[in-house]
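Below is one structure, written out as structure tokens; the observations come after it.
From a predicted model like this one, the values you see are computed outputs, not experimental measurements.
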Amino acid sequence: MGRLERLLQKCWKLKEPGAGTAQEYYDALRDLGHQFLKLYLQKKIKIGEDAIQVLTADDLLNIRGFIKETEKYFPDMAGNKKDTLPFTEAIASCLTDFYTIIQESNKGYHVSYYYYRGDNDPKGVPGAMADLILKIFYICSIYDIDIETVLIEKYELYKKKYNENEKAGG
């Protein structure tokens with residue numbers, strides 16, 4: 001389920017009496033409008049005379065799809081499958097990637113700078129961070145961790161806390 005569909009369902013639920021506050025409903029509608037506009041401007045939604053056409057998941061690569069792709073194309077990235085690689089070892093293997101990020105940042109380049117050494121493999125902090133993220137996605141895939149849903153929930157929670165803090169004058 002994509003973000004647009006989740007926002008539609010959230011708005012539908014919040015419109016019911018007692019399901020939430022007017023502010024929550026307003027915020028959900030605003031988020032829905034922003035997401036719809038974003039997809040329209042990115043040409044991912046087409047509006048016809050009587051219908052709205054959203055491109056299929058095959059046309060778009062969301063986080064969940066990206067994670068599945070890592071399992072398909074990077075089978076040796078984090079070691080082996082979960083039956084031969086304990087979860088704690090898979091996570092511990094990420095420490096070398098963290099160390100590489102630190103090494104790259106100590107080279108004196110700006111952290112957003114990336115470079116190549118003749119092999120089309122981006123180096124620098126962004127390249128090392130990409131390696132780490134891909135490894136984490138692969139681990140999520142082999143252990144069936146739905147990180148996309150949790151990321152979205154965490155993001156919404158942080159956004160809500162930030163907005164509450166801003167309203168409180170913090």
Side-chain angles (χ1 to χ4, degrees), residues 1-75 77-78 81-82 87-88 90-91 93-94 97-98 101 110-112 114 122 124-170:
M1 173 177 13
R3 179 167 167 72
L4 185 62
E5 188 175 354
R6 278 190 296 276
L7 287 168
L8 281 167
Q9 288 180 355
K10 184 176 181 180
C11 290
W12 186 258
K13 287 177 186 174
L14 285 172
K15 86 176 194 69
E16 296 298 320
T21 66
Q23 184 64 44
E24 288 174 322
Y25 184 56
Y26 168 79
D27 290 343
L29 285 173
R30 186 189 67 229
D31 291 345
L32 176 63
H34 285 238
Q35 182 66 17
F36 187 84
L37 180 61
K38 176 182 166 186
L39 292 172
Y40 178 75
L41 292 174
Q42 293 174 345
K43 301 190 185 316
K44 294 180 180 177
I45 292 178
K46 292 182 180 180
I47 301 174
E49 284 187 36
D50 296 324
I52 296 173
Q53 178 186 3
V54 178
L55 298 179
T56 65
D58 294 336
D59 299 322
L60 305 173
L61 190 58
N62 58 15
I63 293 173
R64 187 174 292 119
F66 198 79
I67 288 170
K68 282 297 177 196
E69 291 291 307
T70 61
E71 183 175 355
K72 183 176 170 183
Y73 294 112
F74 307 105
M77 185 182 303
K81 290 286 189 186
K82 63 183 171 187
F87 179 74
T88 53
I91 292 300
S93 73
C94 295
D97 294 292
F98 278 111
I101 292 168
H110 189 273
V111 294
S112 65
Y114 60 95
V125 172
M129 289 180 81
D131 288 339
L132 175 62
I133 291 167
L134 287 170
K135 184 178 282 187
I136 290 171
F137 280 179
Y138 178 72
I139 292 167
C140 290
S141 177
I142 64 173
Y143 286 95
D144 299 319
I145 297 169
D146 184 6
I147 199 69
E148 180 181 43
T149 299
V150 177
L151 279 170
I152 290 167
E153 289 177 15
K154 286 282 194 174
Y155 171 76
E156 293 298 328
L157 179 66
Y158 291 147
K159 187 169 74 170
K160 181 179 178 182
K161 285 180 181 178
Y162 173 80
N163 289 335
E164 289 171 356
N165 191 29
E166 285 293 308
K167 289 177 185 175

*If you take all heavy atoms of Ile139 and Ala90, which pair is closest and at what distance?*
CD1-O, 3.3 Å
*When you look at Tyr138 and Leu134, which way does the side-chain contact (heavy atoms from CB on, under 4.5 Å) test go after all the steps?*
CA-CA 6 Å; Tyr138 178 72; Leu134 287 170; over 6 Å; no
*First locate atom OG1 of Thr149, then atom NZ of Lys154, and finally report the distance between them rounded to the nearest 0.5 Å.*
14.0 Å
*Closest non-hydrogen atom pair, Tyr25 against Cys11*: CE1-O, 3.4 Å
*So, the side chain of Lys135 versus the backbone of Ser93: is there a donor-acceptor pair under 3.5 Å, distance only?*
yes
_Residues which pass salt bridge (Lys or Arg N to Asp or Glu O under 4.0 Å) with Lys159, listed by chain and number, not counting sequence neighbours_ = Asp31, Glu156
*Taking only residues two or more places apart in sequence or in another chain, which ones pass side chain to side chain donor-acceptor pair (under 3.5 Å) with Ser112?*
His110
_Let me confirm one number: the CG-NZ distance from Leu29 to Lys10, rounded to the nearest 0.5 Å._
10.5 Å
*Distance from Tyr162 atom OH to Leu157 atom CG, nearest 0.5 Å?*
15.5 Å
*Report the distance from atom NZ of Lys161 to atom CG of Asn163, rounding to the nearest 0.5 Å.*
13.0 Å
_Nearest non-hydrogen partners of Phe87 and Tyr143, listed with the distance_ = N-OH, 3.1 Å
*Shortest non-hydrogen contact from Val125 toward Val111*: CB-O, 3.4 Å
*asked:* Glu148 and side chain to side chain contact (heavy atoms under 4.5 Å, CB included): which single residue from Ile145, Asp146, Leu151 fits?
replied: Asp146
*How long is the span from the CG atom in Asp131 to the CD1 atom in Ile136, to the nearest 0.5 Å?*
11.0 Å
*Enter the distance from Glu24:CD to Lys160:NZ here, rounded to the nearest 0.5 Å.*
5.5 Å
